[in-house]
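Below you'll find the structure, written out as C-alpha coordinates, and then a few comments.
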Amino acid sequence: MVTKRVIADKDFKQIIIRTHRGMKNMTMRVKANGLYVTVPPFSRTDEVLRVLEQYRSPLLEKYKKVAKKSFDMNYTIDVQSFKLRLAPGPFTFFSVKFEDEKVIIYCPKNVDFSNDDVQRLVRNAIIRAMRRRAEEYLSPLLKVLAEENHFTYKKVRIKATKSRWGSCSAAGSINLSCYLLLLPPHLIDYVLLHELCHTKEMNHGPKFWELLNSVTGGLAFQLRKELRDLKVDF
(Lines give C-alpha, C1' and ligand atoms only; values in the text may rest on other atoms or scores of the structure.)
Protein backbone atom coordinates (compact mmCIF):
# COMPACT_ATOMS: atom_id res chain seq x y z
CA MET A 1 0.00 0.00 0.00
CA VAL A 2 1.44 3.38 -1.05
CA THR A 3 1.37 5.76 1.92
CA LYS A 4 2.62 8.89 0.12
CA ARG A 5 2.38 10.01 -3.49
CA VAL A 6 3.70 13.33 -4.82
CA ILE A 7 2.28 14.57 -8.12
CA ALA A 8 3.39 17.70 -9.98
CA ASP A 9 0.53 20.10 -10.66
CA LYS A 10 0.22 23.27 -12.75
CA ASP A 11 -1.78 25.14 -10.10
CA PHE A 12 -0.54 23.85 -6.74
CA LYS A 13 3.01 23.00 -7.88
CA GLN A 14 2.55 19.66 -6.18
CA ILE A 15 -0.21 17.47 -4.80
CA ILE A 16 0.81 15.32 -1.87
CA ILE A 17 -1.50 12.34 -1.38
CA ARG A 18 -1.13 10.58 1.94
CA THR A 19 -2.83 7.42 3.09
CA HIS A 20 -4.14 7.20 6.64
CA ARG A 21 -5.36 3.94 8.10
CA GLY A 22 -8.17 5.51 10.13
CA MET A 23 -9.56 7.68 7.32
CA LYS A 24 -12.99 6.95 5.87
CA ASN A 25 -13.29 10.04 3.68
CA MET A 26 -10.92 12.21 1.70
CA THR A 27 -9.70 15.50 3.18
CA MET A 28 -7.92 18.31 1.33
CA ARG A 29 -5.80 21.10 2.78
CA VAL A 30 -3.78 23.81 1.06
CA LYS A 31 -0.37 24.84 2.36
CA ALA A 32 2.25 27.22 1.06
CA ASN A 33 4.11 24.41 -0.70
CA GLY A 34 1.18 22.55 -2.23
CA LEU A 35 -2.12 20.74 -1.80
CA TYR A 36 -2.21 17.99 0.82
CA VAL A 37 -4.79 15.23 0.34
CA THR A 38 -5.37 12.53 2.96
CA VAL A 39 -7.23 9.44 1.78
CA PRO A 40 -8.38 6.06 3.12
CA PRO A 41 -6.23 2.98 2.47
CA PHE A 42 -6.19 1.50 -1.05
CA SER A 43 -7.49 4.70 -2.68
CA ARG A 44 -6.57 4.83 -6.36
CA THR A 45 -4.60 7.86 -7.54
CA ASP A 46 -6.74 8.41 -10.63
CA GLU A 47 -9.92 8.36 -8.54
CA VAL A 48 -8.43 10.80 -6.01
CA LEU A 49 -7.50 13.21 -8.80
CA ARG A 50 -10.95 12.88 -10.36
CA VAL A 51 -12.62 13.89 -7.10
CA LEU A 52 -10.10 16.68 -6.61
CA GLU A 53 -11.12 18.30 -9.91
CA GLN A 54 -14.58 18.98 -8.48
CA TYR A 55 -13.01 21.20 -5.80
CA ARG A 56 -10.05 22.65 -7.72
CA SER A 57 -11.44 26.18 -8.13
CA PRO A 58 -12.27 26.90 -4.44
CA LEU A 59 -9.08 25.15 -3.32
CA LEU A 60 -7.04 27.25 -5.72
CA GLU A 61 -8.54 30.43 -4.26
CA LYS A 62 -7.44 29.31 -0.79
CA TYR A 63 -4.01 28.33 -2.11
CA LYS A 64 -3.44 31.80 -3.58
CA LYS A 65 -3.91 33.26 -0.10
CA VAL A 66 -1.31 31.02 1.55
CA ALA A 67 1.20 30.46 -1.27
CA LYS A 68 4.52 32.18 -0.70
CA LYS A 69 5.13 35.19 -2.90
CA SER A 70 8.03 34.96 -5.34
CA PHE A 71 10.58 37.74 -5.13
CA ASP A 72 12.48 39.48 -7.90
CA MET A 73 14.32 42.77 -8.33
CA ASN A 74 11.01 44.59 -8.87
CA TYR A 75 9.58 43.53 -5.52
CA THR A 76 8.57 46.35 -3.18
CA ILE A 77 6.56 46.91 -0.03
CA ASP A 78 5.08 50.39 0.04
CA VAL A 79 2.68 50.90 2.92
CA GLN A 80 2.53 53.75 5.39
CA SER A 81 4.39 51.99 8.21
CA PHE A 82 6.93 50.00 6.18
CA LYS A 83 8.69 50.68 2.90
CA LEU A 84 11.14 48.25 1.32
CA ARG A 85 12.66 47.59 -2.07
CA LEU A 86 15.26 45.34 -3.66
CA ALA A 87 18.22 46.71 -5.59
CA PRO A 88 21.36 45.33 -7.27
CA GLY A 89 24.41 45.56 -5.05
CA PRO A 90 28.17 45.52 -5.57
CA PHE A 91 28.73 42.49 -3.36
CA THR A 92 28.51 38.72 -3.76
CA PHE A 93 26.14 38.49 -0.80
CA PHE A 94 22.82 40.00 0.30
CA SER A 95 22.96 43.08 2.52
CA VAL A 96 20.27 45.14 4.22
CA LYS A 97 20.48 48.90 4.58
CA PHE A 98 18.15 51.11 6.59
CA GLU A 99 17.79 54.58 5.10
CA ASP A 100 15.54 56.88 7.11
CA GLU A 101 12.09 55.26 6.77
CA LYS A 102 13.06 52.97 3.90
CA VAL A 103 14.75 49.58 3.80
CA ILE A 104 16.85 48.48 0.84
CA ILE A 105 17.93 44.89 0.33
CA TYR A 106 20.97 44.84 -1.93
CA CYS A 107 21.21 41.65 -3.98
CA PRO A 108 24.30 40.13 -5.62
CA LYS A 109 24.83 40.77 -9.30
CA ASN A 110 23.28 38.17 -11.60
CA VAL A 111 21.30 36.70 -8.71
CA ASP A 112 19.06 33.81 -9.80
CA PHE A 113 15.61 34.44 -8.32
CA SER A 114 14.36 31.09 -9.63
CA ASN A 115 16.59 29.39 -7.06
CA ASP A 116 14.68 28.26 -3.95
CA ASP A 117 17.62 29.13 -1.68
CA VAL A 118 17.67 32.69 -3.05
CA GLN A 119 13.93 33.02 -2.42
CA ARG A 120 14.46 31.83 1.15
CA LEU A 121 17.34 34.26 1.72
CA VAL A 122 15.33 37.22 0.44
CA ARG A 123 12.28 36.29 2.50
CA ASN A 124 14.38 35.93 5.65
CA ALA A 125 16.06 39.28 4.99
CA ILE A 126 12.68 40.97 4.62
CA ILE A 127 11.39 39.43 7.83
CA ARG A 128 14.52 40.49 9.74
CA ALA A 129 14.11 44.04 8.44
CA MET A 130 10.43 44.03 9.34
CA ARG A 131 11.13 42.81 12.87
CA ARG A 132 13.70 45.56 13.41
CA ARG A 133 11.30 48.22 12.14
CA ALA A 134 8.53 46.75 14.29
CA GLU A 135 10.76 47.02 17.37
CA GLU A 136 11.34 50.68 16.56
CA TYR A 137 7.70 51.45 15.74
CA LEU A 138 5.33 49.11 17.58
CA SER A 139 7.01 49.02 20.99
CA PRO A 140 6.91 52.83 21.50
CA LEU A 141 3.39 53.00 20.05
CA LEU A 142 2.16 50.37 22.51
CA LYS A 143 3.67 52.36 25.37
CA VAL A 144 1.93 55.57 24.23
CA LEU A 145 -1.45 53.86 23.81
CA ALA A 146 -1.11 52.22 27.22
CA GLU A 147 -0.34 55.53 28.93
CA GLU A 148 -3.14 57.37 27.13
CA ASN A 149 -5.73 54.75 28.10
CA HIS A 150 -4.44 53.84 31.59
CA PHE A 151 -3.23 50.31 30.84
CA THR A 152 -0.16 48.59 32.20
CA TYR A 153 1.69 45.60 30.79
CA LYS A 154 4.78 43.68 31.82
CA LYS A 155 6.78 43.53 28.58
CA VAL A 156 6.37 43.38 24.82
CA ARG A 157 7.99 41.02 22.32
CA ILE A 158 7.99 41.26 18.54
CA LYS A 159 7.62 37.99 16.67
CA ALA A 160 7.27 36.93 13.04
CA THR A 161 3.95 35.15 13.50
CA LYS A 162 1.41 35.08 10.68
CA SER A 163 -1.26 33.06 12.47
CA ARG A 164 -2.26 35.91 14.78
CA TRP A 165 -1.60 39.63 15.02
CA GLY A 166 -0.94 39.63 18.73
CA SER A 167 -1.52 37.95 22.07
CA CYS A 168 -1.47 38.76 25.76
CA SER A 169 -0.51 36.39 28.56
CA ALA A 170 -2.14 36.20 31.97
CA ALA A 171 1.05 37.75 33.37
CA GLY A 172 0.56 40.85 31.24
CA SER A 173 3.19 40.14 28.58
CA ILE A 174 2.19 41.17 25.07
CA ASN A 175 3.39 39.56 21.84
CA LEU A 176 3.01 41.45 18.58
CA SER A 177 3.53 40.24 15.02
CA CYS A 178 5.94 42.23 12.88
CA TYR A 179 3.43 41.78 10.04
CA LEU A 180 1.32 44.42 11.78
CA LEU A 181 3.44 46.94 9.89
CA LEU A 182 1.60 45.94 6.72
CA LEU A 183 -1.73 47.14 8.14
CA PRO A 184 -3.14 50.67 7.91
CA PRO A 185 -2.18 52.69 11.03
CA HIS A 186 -5.71 52.75 12.46
CA LEU A 187 -5.85 48.94 12.38
CA ILE A 188 -2.42 48.72 14.02
CA ASP A 189 -3.83 50.89 16.82
CA TYR A 190 -6.87 48.61 17.04
CA VAL A 191 -4.77 45.46 17.45
CA LEU A 192 -2.56 47.06 20.09
CA LEU A 193 -5.58 48.34 22.02
CA HIS A 194 -7.17 44.90 21.69
CA GLU A 195 -4.17 43.30 23.41
CA LEU A 196 -3.98 46.04 26.03
CA CYS A 197 -7.62 45.39 26.90
CA HIS A 198 -6.65 41.78 27.58
CA THR A 199 -4.45 42.99 30.43
CA LYS A 200 -7.73 43.73 32.23
CA GLU A 201 -10.12 41.25 30.58
CA MET A 202 -8.49 37.98 29.53
CA ASN A 203 -11.54 36.74 27.61
CA HIS A 204 -13.74 38.04 24.80
CA GLY A 205 -16.83 38.46 26.93
CA PRO A 206 -19.15 41.48 27.10
CA LYS A 207 -16.87 43.35 29.54
CA PHE A 208 -13.94 43.00 27.14
CA TRP A 209 -15.87 44.43 24.20
CA GLU A 210 -17.28 47.19 26.37
CA LEU A 211 -13.73 48.12 27.36
CA LEU A 212 -12.41 47.93 23.78
CA ASN A 213 -15.33 50.01 22.56
CA SER A 214 -14.54 52.66 25.15
CA VAL A 215 -10.96 53.08 23.84
CA THR A 216 -11.84 52.91 20.13
CA GLY A 217 -14.64 55.45 20.07
CA GLY A 218 -17.32 52.77 19.88
CA LEU A 219 -15.80 51.26 16.72
CA ALA A 220 -14.52 47.95 18.09
CA PHE A 221 -16.79 45.69 16.05
CA GLN A 222 -16.42 47.79 12.91
CA LEU A 223 -12.63 47.68 13.19
CA ARG A 224 -12.69 43.94 13.88
CA LYS A 225 -14.67 43.36 10.67
CA GLU A 226 -12.35 45.61 8.68
CA LEU A 227 -9.33 43.68 9.95
CA ARG A 228 -10.91 40.33 9.14
CA ASP A 229 -11.81 41.47 5.62
CA LEU A 230 -8.38 42.90 4.89
CA LYS A 231 -6.06 40.89 2.65
CA VAL A 232 -2.37 41.26 3.48
CA ASP A 233 -0.15 40.20 0.59
CA PHE A 234 3.24 38.81 1.67
- Message: Please check: side-chain N/O of Asn124 versus main-chain N/O of Ile127, any donor-acceptor pairing under 3.5 Å?
- Response: no
- Query: Does Asp100 reach the main-chain N or O of Lys102 with its side chain, forming a donor-acceptor pair under 3.5 Å?
  - Reply: no
- Message: For a side-chain contact (heavy atoms from CB on, under 4.5 Å) check, start with the C-alpha distance between Asn175 and Thr161, then their side-chain angles and the critical distance, and finish with the verdict.
- Response: CA-CA 9 Å; Asn175 296 320; Thr161 53; over 6 Å; no
- Message: Walk me through whether Met73 and Val111 qualify under side-chain contact (heavy atoms from CB on, under 4.5 Å).
- Response: CA-CA 9 Å; Met73 203 65 77; Val111 62; 4.1 Å; yes
How long is the span from the [atom1] atom in [X] to the [atom2] atom in [Y], to the nearest 0.5 Å?
X: Leu145; Y: Phe151; atom1: CG; atom2: CZ; answer: 9.5 Å
X: Leu219; Y: Asn213; atom1: CG; atom2: CG; answer: 7.5 Å
X: Arg131; Y: Arg157; atom1: CZ; atom2: CZ; answer: 10.0 Å
X: Ile77; Y: Leu182; atom1: CD1; atom2: CG; answer: 5.5 Å
X: Glu101; Y: Arg133; atom1: CD; atom2: CZ; answer: 7.5 Å
X: Lys155; Y: Ser169; atom1: NZ; atom2: OG; answer: 8.0 Å

Under a 4.5 Å cut-off applied to non-hydrogen side-chain atoms, are [X] and [Y] in contact?
X: Leu49; Y: Ile15; value: yes
X: Lys24; Y: Pro40; value: no
X: Phe113; Y: Leu86; value: yes
X: Gln119; Y: Arg123; value: no
X: Met26; Y: Met28; value: yes
X: Leu187; Y: Trp165; value: no
X: Lys143; Y: Tyr153; value: yes
X: Leu35; Y: Asp9; value: no

Measure across [X] and [Y] and return the closest heavy-atom pair with its distance rounded to 0.1 Å.
X: Tyr137; Y: Pro140; result: O-CD, 3.5 Å
X: Phe94; Y: Leu121; result: CE1-CD1, 3.9 Å
X: Tyr63; Y: Asp11; result: CE2-O, 3.4 Å
X: Asp78; Y: Lys83; result: OD1-NZ, 2.7 Å
X: Thr216; Y: Leu212; result: OG1-O, 2.7 Å
X: Glu201; Y: Phe208; result: O-CD1, 3.7 Å

- Task: Assess Lys162 against Tyr179: is NZ or CZ under 6.0 Å from the centre of the six-membered ring, and within 45 degrees of the ring's axis?
- Result: yes
Taking a hydrophobic cluster as the set of Ile, Leu, Val, Met, Phe, Trp and Tyr residues connected by side-chain heavy atoms closer than 4.5 Å, whether directly or through intermediates, do [X] and [Y] fall within one such cluster?
X: Val96; Y: Tyr106; value: no
X: Val215; Y: Met202; value: no
X: Val144; Y: Ile188; value: no
X: Val79; Y: Leu192; value: yes
X: Met23; Y: Ile16; value: no

- Message: Between the side chains of Lys207 and Glu210, is the shortest nitrogen-to-carboxylate-oxygen separation below 4.0 Å, so that they form an ion pair?
- Response: no
- Using a strict cut-off of less than 4.0 Å between a Lys/Arg side-chain nitrogen and an Asp/Glu carboxylate oxygen, indicate whether Glu136 and Arg132 qualify as a salt bridge. yes
[X], [atom1]: over 12 other non-hydrogen atoms inside 6.0 angstrom:
X: Arg120; atom1: CZ; result: yes
X: Lys62; atom1: NZ; result: no
X: Phe221; atom1: CZ; result: yes
X: Asn110; atom1: CG; result: no
X: Asp46; atom1: CG; result: yes
X: Lys97; atom1: NZ; result: no

- Task: Would you sort out whether Leu223 and Asp189 count as a side-chain contact (heavy atoms from CB on, under 4.5 Å), showing the intermediate values?
- Result: CA-CA 10 Å; Leu223 292 168; Asp189 289 353; over 6 Å; no
- Ring geometry between Trp209 and His194 (parallel below 30°, tilted from 30 to 60°, perpendicular above 60°): perpendicular
- Task: Report the C-alpha distance between Tyr75 and Leu84 in whole Å, list the side-chain angles of each, state the deciding distance to 0.1 Å, and finish with yes or no for side-chain contact (heavy atoms from CB on, under 4.5 Å).
- Result: CA-CA 8 Å; Tyr75 180 79; Leu84 175 144; 4.3 Å; yes
